[in-house]
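Report on one structure; see the data block that follows.
Values in this document were obtained by computation on a predicted structure and should not be read as measured data.
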Amino acid sequence: MADNGSTANAVGNSIYPDLILTRYPQTFDERTGAKSNPNLLRQTNLKDYNMAEHVNSLQDAVMAIQRMLGEMAQMPAKPTDAQGNPITDSTALQNLAKISTVKGRIDAIETHDWYADFDKRYGGDTWTFDEERTVNPTIQGHRHLGAASGIPGMPEKIVLTQEVQGKLPKANLDLSKTATGITGADIYVEPTSTTKISDAINDKISETTGGTISQSAQLKVLGKMNTRWTREFDSLDASTTGNTSVQDGSTLLNKAIESGATAASDLLNVNLSGMYYGRYVAIVRLSASSLASGSVVEISATDSSTGAVINKQTLSGTDFDTANKYKTFYLIFNHDGQTKLRVRKLSTTASVKVRFDYAIVEPVHPAVFDR
């Protein structure tokens with residue numbers, strides 16, 4: 001402070017314009033020249049008129065220091081209640097500001113262990129700033145849920161499953177083909193398996209180069225197997241146009257495709273391309289809701305390019321023997337590379353619902369179908 005209060009702006013009152021006391025006229029105690037205050041004539045530098053401005057300047061200085069330290073202006077450092085608990089309620093803080101004194105705030109600034117606060121904030125007693133480093137270790141008071149990092153001044157390790165939300169960008173992962181990069185050799189196929197992805201892939205039969213099933217291995221195929229000799233079709237391959245998928249405990253999949261009662265609809269209409277040319281048999285499993293005497297179902301093999309019928313079999317309700325009970329039917333045909341297999345519910349006057357379970361196409365065995 002200058003002898004003449006804040007005339008020389010010694011404490012930088014104009015830095016904090018939102019602090020009301022910084023708006024105090026800087027020339028209030030001027031005694032010479034055109035700015036002379038007539039109320040202060042014949043006064044030199046006596047404390048009785050100059051002390052108020054000194055106090056104002058001192059209060060501004062205290063507030064400036066508090067702000068530099070990250071504290072609330074006109075408040076004691078780290079305010080606590082009578083029980084020593086931190087005061088965080090906004091109303092309580094405002095009330096405290098009204099009774100807080102300059103002396104109390106100066107005492108708090110001088111006696112509070114600021115080093116301890118900055119020590120935790122900036123990394124501990126071994127922390128040093130190195131301007132050559134891109135990132136300096138900081139914030140000892142920062143907390144994580146993991147084990148101690150082992151680095152002086154650094155917080156615990158981060159527990160990704162509990163502290164990180166969303167996905168880590170691929171750019172943040174080391175996916176290089178090195179000892180430190182993440183590869184299929186580091187990741188398990190599933191939680192209950194001890195097999196790594198790399199082992200699973202190496203043990204897989206290749207889609208392009210094939211593979212060998214060892215003598216001690218058992219090959220299980222729980223889905224359909226379509227080869228150049230065989231085709232399998234089930235209710236999942238059936239047509240849903242004009243039909244309904246229904247639950248059916250009399251089938252392997254516990255479901256079937258059911259036609260309407262009287263309208264015509266295709267239960268199955270599939271292409272057999274990709275099979276060797278030759279003589280085949282289509283094995284079709286169906287059921288009918290009633291044993292109507294007229295034609296109910298037509299199973300046919302047609303030329304996919306011309307639509308010409310290669311062979312067909314028409315079934316009446318009486319061919320099913322028992323209503324709502326599945327029966328297997330057979331159609332023999334020659335395949336020359338352009339064949340479609342069609343299973344069609346025909347239009348009927350009587351109410352007959354037909355259910356389709358599956359169809360299998362395989363070469364004809366000469367000992368059974370010699371015709």
Could you pull out all donor-acceptor pairs under 3.5 Å where a side-chain atom in residues 189-196 meets a protein atom, sequence neighbours excluded?
| from | atom 1 | to | atom 2 | distance (Å) |
| --- | --- | --- | --- | --- |
| Ser193 | OG | Thr195 | N | 3.0 |
| Lys196 | NZ | Ala185 | O | 3.2 |

To the closest 0.5 Å, what do you measure between [atom1] ([X]) and [atom2] ([Y])?
{"X": "Asp321", "Y": "Ser287", "atom1": "CG", "atom2": "OG", "answer": "12.5 Å"}
{"X": "Glu362", "Y": "Tyr280", "atom1": "CD", "atom2": "OH", "answer": "10.5 Å"}
{"X": "Asp234", "Y": "Asp357", "atom1": "CG", "atom2": "CG", "answer": "8.0 Å"}
{"X": "Asn271", "Y": "Gln338", "atom1": "CG", "atom2": "CD", "answer": "8.5 Å"}
{"X": "Asn311", "Y": "Arg279", "atom1": "CG", "atom2": "CZ", "answer": "8.0 Å"}
{"X": "Ile332", "Y": "Ile310", "atom1": "CD1", "atom2": "CD1", "answer": "13.5 Å"}

State, with a plain yes or no, whether a side-chain heavy atom of [X] is found less than 4.5 Å away from one of [Y].
{"X": "Lys312", "Y": "Ile299", "result": "no"}
{"X": "Val284", "Y": "Thr328", "result": "no"}
{"X": "Thr262", "Y": "Thr349", "result": "no"}
{"X": "Glu298", "Y": "Leu315", "result": "no"}
{"X": "Ile182", "Y": "Ile187", "result": "yes"}
{"X": "Val354", "Y": "Glu258", "result": "no"}

Which heavy atom in [X] sits nearest to a heavy atom in [Y], and how many Å separate them?
{"X": "Ala350", "Y": "Ala292", "result": "CB-CB, 4.2 Å"}
{"X": "Lys353", "Y": "Ala261", "result": "CG-CA, 3.9 Å"}
{"X": "Leu291", "Y": "Thr322", "result": "CD2-C, 3.9 Å"}
{"X": "Arg342", "Y": "Arg344", "result": "NH2-NH1, 3.2 Å"}
{"X": "Leu346", "Y": "Ser295", "result": "CD1-CB, 3.8 Å"}
{"X": "Leu341", "Y": "Ala359", "result": "CD2-CB, 4.2 Å"}

Do [X] and [Y] share a hydrophobic cluster, counting only Ile, Leu, Val, Met, Phe, Trp and Tyr and linking them when any side-chain heavy atoms are less than 4.5 Å apart?
{"X": "Ile360", "Y": "Val364", "answer": "yes"}
{"X": "Val361", "Y": "Tyr276", "answer": "yes"}
{"X": "Tyr326", "Y": "Phe233", "answer": "no"}
{"X": "Phe329", "Y": "Phe356", "answer": "yes"}

Between [X] (side chain only) and [Y] (backbone N and O only), is there a donor and an acceptor less than 3.5 Å apart?
{"X": "Asn85", "Y": "Asp81", "value": "no"}
{"X": "Thr240", "Y": "Asn243", "value": "no"}
{"X": "Asp248", "Y": "Ser250", "value": "yes"}
{"X": "Asn95", "Y": "Ala92", "value": "no"}
{"X": "Asn226", "Y": "Glu232", "value": "yes"}
{"X": "Ser300", "Y": "Thr302", "value": "no"}
{"X": "Thr212", "Y": "Ser214", "value": "no"}
{"X": "Asp303", "Y": "Gly307", "value": "no"}

Report task. Determine, step by step, whether Arg355 and Ile257 satisfy the side-chain contact (heavy atoms from CB on, under 4.5 Å) criterion, reporting the C-alpha distance in whole Å, the side-chain angles of both residues, the deciding distance to 0.1 Å, and the verdict. Result -> CA-CA 5 Å; Arg355 289 190 177 185; Ile257 289 294; over 6 Å; no
Query - Electrostatic pair Lys224:Asp237 at N-O distance under 4.0 angstrom - result: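 Salt bridge flag = yes for Asp237 with Lys224.
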Report task. Go through Lys345 and Ser265 one step at a time and tell me if the side-chain contact (heavy atoms from CB on, under 4.5 Å) criterion holds. Result -> CA-CA 5 Å; Lys345 159 61 167 63; Ser265 64; 4.1 Å; yes
Requested in this report: List the steps, then state whether side chain to side chain donor-acceptor pair (under 3.5 Å) holds for Thr180 with Asp174.
Outcome: CA-CA 7 Å; Thr180 59; Asp174 183 0; 2.8 Å; yes
Query raised in the report: What do you reckon, is NZ of Lys325 surrounded by more than 12 foreign heavy atoms closer than 6.0 Å?
Result: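 Counting neighbours around NZ of Lys325, 12 or fewer heavy atoms of other residues, nucleotides or ligands fall under 6.0 Å, so no.
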Query raised in the report: If you draw a 6.0 Å radius around CG in Leu175, do more than 12 non-hydrogen atoms from other residues or ligands fall strictly inside?
Result: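 It does: Leu175 CG has more than 12 such atoms within range.
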Requested in this report: Report the C-alpha separation of Leu272 and Phe333 in whole Å, then their side-chain angles, then the decisive distance to 0.1 Å, and conclude whether the side-chain contact (heavy atoms from CB on, under 4.5 Å) test is met.
Outcome: CA-CA 12 Å; Leu272 302 181; Phe333 61 92; 3.7 Å; yes
Query raised in the report: Checking Arg285 against Tyr358: charged group under 6.0 Å from the ring centre and within 45 degrees of the axis?
Result: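 Relative to the ring axis of Tyr358, which defines the angle, Arg285 lies outside at least one limit.
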**Report entry** Evaluation steps, side-chain contact (heavy atoms from CB on, under 4.5 Å), between Leu267 and Ser259
**Finding:** CA-CA 7 Å; Leu267 294 168; Ser259 72; 4.1 Å; yes
